[in-house]
Amino acid sequence: MIAASAARRRRASAIVSQAWWSASVAALGLTVVILAAIFGFVGVRGAGGLSVKLFTTVTSGIAGGLANAIAGTLLLVAIGLAIAAILGIGTAMWVVEFAPPWAARTVRFTIDVLAGVPSIVVGYFLYVALVEGLGWGFSLIAGALALAILVLPYVERSADVALSGVPRDLREGSVALGARPAVTIFKIDVPYALPGILTGMLVAIGIGLGETAPLIYTAGWSNYMPSLAPIHSPVGYLTYVVWTFISQPFAASHRLAYAAALLLMIFVFVTNLLARSFVEYRLGHHRGR
Amino acid sequence: MLTGAAAFVSSFLIVAMLLGLFVYAYPAIRFNGLGFFTSIVWNIGNQYGSGATVTHNGYSAEPGASFGGLVFIAGTLLTSVLAMIIAVPFSILVALAIVYRLPAKVKPLANAVVELMAGVPSVVYGLWGMVVVVPFIGSVVAPFAHDHLGIIPFLGGATESGNGLLAATIILAIMVATTRDSLQAQSKSIYEASLALGSTTWQAVTRAVLPSVRGGLGASILLSFGRALGETMAVLMICGSAINTLPNTIFSPVNTIAAVIVSQLESALTDASGMAQHSLGELALALFLITLLVNGVARVILRGAPHAGVIG
């Protein structure tokens with residue numbers, strides 16, 4: 001009797017186990033389906049809007065092309081990333097090489113805190129401080145600074161992890177040979193950590209490309225090509241087109257919104273692919289040693 | 001040391017943002033008082049100069065003005081909690097499948113899917129939600145719930161909102177990635193010991209492995225919750241931008257702090273007294289403080305747990 005009921009119980013838990021694992025694999029399948037659905041949706045609806053004109057003409061009202069938005073997005077991300085790279089990599093070098101433990105802990109903690117600040121809060125703060133407070137108006141620099149603050153934690157953390165991964169013996173060998181700290185950093189640490197640093201920068205590009213809310217408050221929007229004037233001159237960007245043009249009751253504006261979404265997805269896909277290839281290069285690199 | 005100065009930029013930014021927002025919001029904090037947390041009426045007042053201005057605590061706004069934040073605070077919490085209810089069990093299932101069920105060859109592909117999902121801009125999720133998900137909920141799910149599940153409270157309405165669902169989709173990738181990382185950081189011996197004691201693979205995972213990584217799991221839940229609280233564009237595009245009304249079902253229009261800060265910008269700029277802008281500042285400050293609290297708790301938990309990766 002007892003043996004039989006134990007066997008029955010075991011069979012029952014085997015079935016339960018199998019059922020849960022099926023649910024778990026089904027959940028993974030559903031995740032893949034959702035991602036495919038989004039890509040398919042944007043791909044199908046966006047492909048109709050792609051044309052040469054899209055890249056050569058600027059937006060006029062609710063129609064025209066996206067040249068201004070593409071240029072604006074690339075410009076904002078490039079400047080934002082440059083600022084974040086200088087600050088983030090500088091921070092990581094100091095934290096890994098020079099900082100006393102308490103300072104390293106504090107800096108890493110504040111970087112983590114910064115990563116958790118909602119982007120709209122950063123956007124609204126810069127609006128209050130720069131756009132209104134300093135009277136810069138909607139501008140290239142305000143928008144680029146917003147992106148820089150938002151991606152700084154990702155740049156810093158990946159550089160931090162990459163630099164911390166440099167083998168001690170390499171670094172100590174360099175110091176033992178009499179190299180100055182700066183030489184050790186730029187001749188040993190940076191080359192070794194470069195794939196990791198670049199991966200973080202690519203992740204940052206992906207995040208910067210997709211930001212909307214903080215840019216609405218800092219870069220504004222413009223139908224014209226970005227003027228390169230740092231202040232008093234609003235800048236257009238792709239995510240704005242997706243957000244605003246889809247709510248207009250015109251087929252032409254919808255086409256532009258979907259085309260902008262498709263371009264964003266392509267950009268994100270390419271940066272992801274590049275980031276992954278860096279990660280694989282890095283793994284191969286480490287295995288080779 | 002130049003790099004040392006760079007290192008404290010993040011500390012400076014956080015302090016500057018807190019102080020800056022507080023100083024900017026101060027007139028609104030005085031004017032709104034506790035009504036900010038209890039009133040559901042957001043009204044910038046009569047802008048044509050007729051009637052007497054309203055004055056509280058020495059700060060005044062246009063006639064009839066009221067800046068209650070309850071709708072947005074409640075909407076933010078409701079949306080995020082709903083998102084977590086969907087995303088937490090779902091993403092734990094997905095992470096378990098990736099770590100314990102996928103053959104080694106397919107794993108990188110699944111990881112690529114998760115990373116790509118985390119990279120999709122929130123405005124694209126919003127576009128998809130607006131054109132595909134919300135109409136589906138409005139024409140299929142909500143009427144069904146209304147007809148068949150109407151007796152269950154909060155399920156009875158028929159207006160549309162896929163807010164929680166979409167926010168859940170957005171945080172899904174982050175939750176899966178962090179959960180996967182803490183599962184992988186855990187040594188296999190716990191799993192194997194549990195199997196050796198006669199448990200099924202599922203029992204080994206749920207009774208031995210998951211409890212052993214609960215610190216990392218708790219932290220990743222809180223980090224995702226923080227992300228959901230601040231989610232702006234996707235929610236803004238589909239939430240129905242409710243004003244002056246609280247949701248009474250999960251399909252009602254709602255509004256969140258992040259969404260209202262964007263959607264009320266133009267209206268706030270027309271307020272001659274400036275109090276609407278200061279009140280948006282107060283909302284931003286409130287959101288900042290809520291996320292600081294959530295993330296702070298997550299970091300404290302994380303300190304005692306295996307490192308949960310770079311993401312989030």
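In this text, all values refer to a predicted model and were calculated from it rather than measured experimentally. As a basis for the values below, the full set of heavy atoms in this structure was taken, side chains included, without hydrogen atoms, waters or symmetry mates. Sequence lines set the chain letters: A, B, ... in the order given, protein chains first and strands last, and positions in each chain run from 1.
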**Per-residue contact mode, B:Phe90 against chain A (heavy atom under 4.5 angstrom)** = both
**Item:** Side chain proximity check, B:Met237 to A:Ile246, heavy atoms < 4.5 angstrom
**Value:** yes
**Fill in**
OH (A:Tyr127) and OH (B:Tyr24) are apart, to the nearest 0.5 Å, by 6.0 Å
**Message:** Looking at chain A, which one of B:Ile92, B:Ile98, B:Val124 has the largest number of heavy-atom pairs inside 4.5 Å, strictly under?
**Reply:** B:Val124
**Proximal component of B:Thr169, with respect to chain A [non-hydrogen, under 4.5 Å]** = side chain
**Message:** Taking every non-hydrogen pair under 4.5 Å, which of A:Thr239, A:Val128, A:Ile34, A:Val25 racks up the most with chain B?
**Reply:** A:Val128
**Request:** Count the heavy-atom pairs under 4.5 Å between each of B:Gly230, B:Pro121, B:Ser91, B:Gly296 and chain A, then report the option with the highest count.
**Result:** B:Pro121
**Asked** Nearest 0.5 Å, what's the CH2-OG distance between A:Trp243 and B:Ser122?
**Response** 12.0 Å
**Complete:** Highest number of heavy-atom pairs under 4.5 Å with chain B among A:Thr31, A:Leu152, A:Ile216 belongs to A:Thr31
**Asked** Where does B:Val205 contact chain A at under 4.5 Å (heavy atoms): side chain, backbone, both or neither?
**Response** side chain
**Prompt:** Could you give the distance from CG (B:Leu172) to CG (A:Leu30), rounded to the nearest 0.5 Å?
**Reply:** 8.5 Å
**Item:** Residue, of A:Leu264, A:Val117, A:Val32, that accumulates the most heavy atom pairs under 4.5 Å with chain B
**Value:** A:Val117
**Prompt:** Is it the backbone or the side chain of A:Arg108 that comes under 4.5 Å from a heavy atom of chain B, or both, or neither?
**Reply:** neither
**Atom of A:Ser24, atom of B:Ala97 and distance for their closest heavy-atom approach** = OG-CB, 3.1 Å
**Item:** Contacting region of A:Glu156 [heavy-atom separation from chain B under 4.5 Å]
**Value:** neither
**Message:** Does A:Phe269 have more than 12 heavy atoms from other residues, nucleotides or ligands lying within 6.0 Å of its CZ?
**Reply:** no
**Message:** Heavy-atom pairs under 4.5 Å with chain B - which of A:Ala14, A:Ala26, A:Ala27 has more of them than the others?
**Reply:** A:Ala27
**Request:** For residues A:Leu28 and B:Arg101, determine if any side-chain heavy atom of one lies less than 4.5 Å from a side-chain heavy atom of the other.
**Result:** no
**Prompt:** Non-hydrogen atoms of chain A under 4.5 Å away: do they reach the side chain of B:Glu231, the backbone, both or neither?
**Reply:** neither
**Item:** Close approach to chain A in residues 197-204 of chain B, criterion heavy atom under 4.5 Å
**Value:** B:Thr200, B:Thr201, B:Trp202, B:Gln203
**Side-chain donor/acceptor of A:Tyr124 to backbone N/O of B:Leu283, under 3.5 Å** = no
**Asked** With a 4.5 angstrom heavy-atom cut-off, which part of B:Ser11 approaches chain A: side chain, backbone, both or neither?
**Response** both
**Prompt:** For B:Leu102, is it the side chain, the backbone, both, or neither that has a heavy atom closer than 4.5 Å to a heavy atom of chain A?
**Reply:** side chain
**Fill in**
Residues B:Ser10 and A:Val107: closest non-hydrogen pair is OG-O, 4.3 Å
**Message:** If I measure from the heavy atoms of chain A, does B:Ala112 come under 4.5 Å with its side chain, its backbone, both, or neither?
**Reply:** both
**Item:** Largest heavy-atom contact set with chain B, pairs under 4.5 Å, which of A:Val122, A:Leu35, A:Thr106
**Value:** A:Leu35
**Asked** Counting heavy-atom pairs under 4.5 Å to chain A, which of B:Val113, B:Ile261, B:Thr232 comes out on top?
**Response** B:Ile261
**Asked** Between B:Leu292 and chain A, which part of the residue has a heavy atom less than 4.5 Å away: side chain, backbone, both or neither?
**Response** side chain
**Fill in**
When rounded to the nearest 0.5 Å, the distance separating CG of B:Leu19 from CZ of A:Phe125 is 9.0 Å
**Request:** Tell me, out of A:Phe39, A:Tyr258, A:Trp21, A:Trp20, who's got the most heavy-atom pairs with chain B below 4.5 Å.
**Result:** A:Trp21
**Prompt:** Do the non-hydrogen side-chain atoms of A:Val121 and B:Leu21 ever get within less than 4.5 Å of each other?
**Reply:** yes
**Complete:** One option among B:Ala16, B:Gly226, B:Gly20 has the most heavy-atom pairs under 4.5 Å with chain A, and it is B:Ala16
**Message:** What's the separation between atom CG in B:Leu93 and atom OG in A:Ser22, rounded to the nearest 0.5 Å?
**Reply:** 11.0 Å
**Message:** Can you confirm whether A:Leu114 sits close enough to B:Ile14 that some side-chain heavy atom of one is under 4.5 Å from a side-chain heavy atom of the other?
**Reply:** yes
**Request:** Go through the atoms of B:Leu96 and report whether side chain, backbone, both or neither lie under 4.5 Å from a heavy atom of chain A.
**Result:** both
**Message:** Could you go through A:Val42 and B:Trp128, starting from their C-alpha distance and side-chain angles, then the distance that decides it, and tell me whether this counts as side chain to side chain contact (heavy atoms under 4.5 Å, CB included)?
**Reply:** CA-CA 8 Å; A:Val42 173; B:Trp128 180 65; 6.0 Å; no
**Item:** Beyond-backbone contact of B:Val262 with A:Ile120, side-chain heavy atoms, under 4.5 angstrom
**Value:** yes
**Item:** Which atoms of A:Ala129 approach chain B - backbone, side chain, both or neither, heavy atom under 4.5 Å
**Value:** neither
**Complete:** From the list B:Asn295, B:Leu265, B:Val9, the residue making the most non-hydrogen contacts under 4.5 Å with chain A is B:Leu265
**Request:** Could you grab the distance from atom CG of A:Leu215 to atom CE of B:Met233, nearest 0.5 Å is fine?
**Result:** 10.0 Å
**Message:** Need one label for B:Val132: side chain, backbone, both or neither, based on atoms under 4.5 Å from any heavy atom in chain A.
**Reply:** side chain
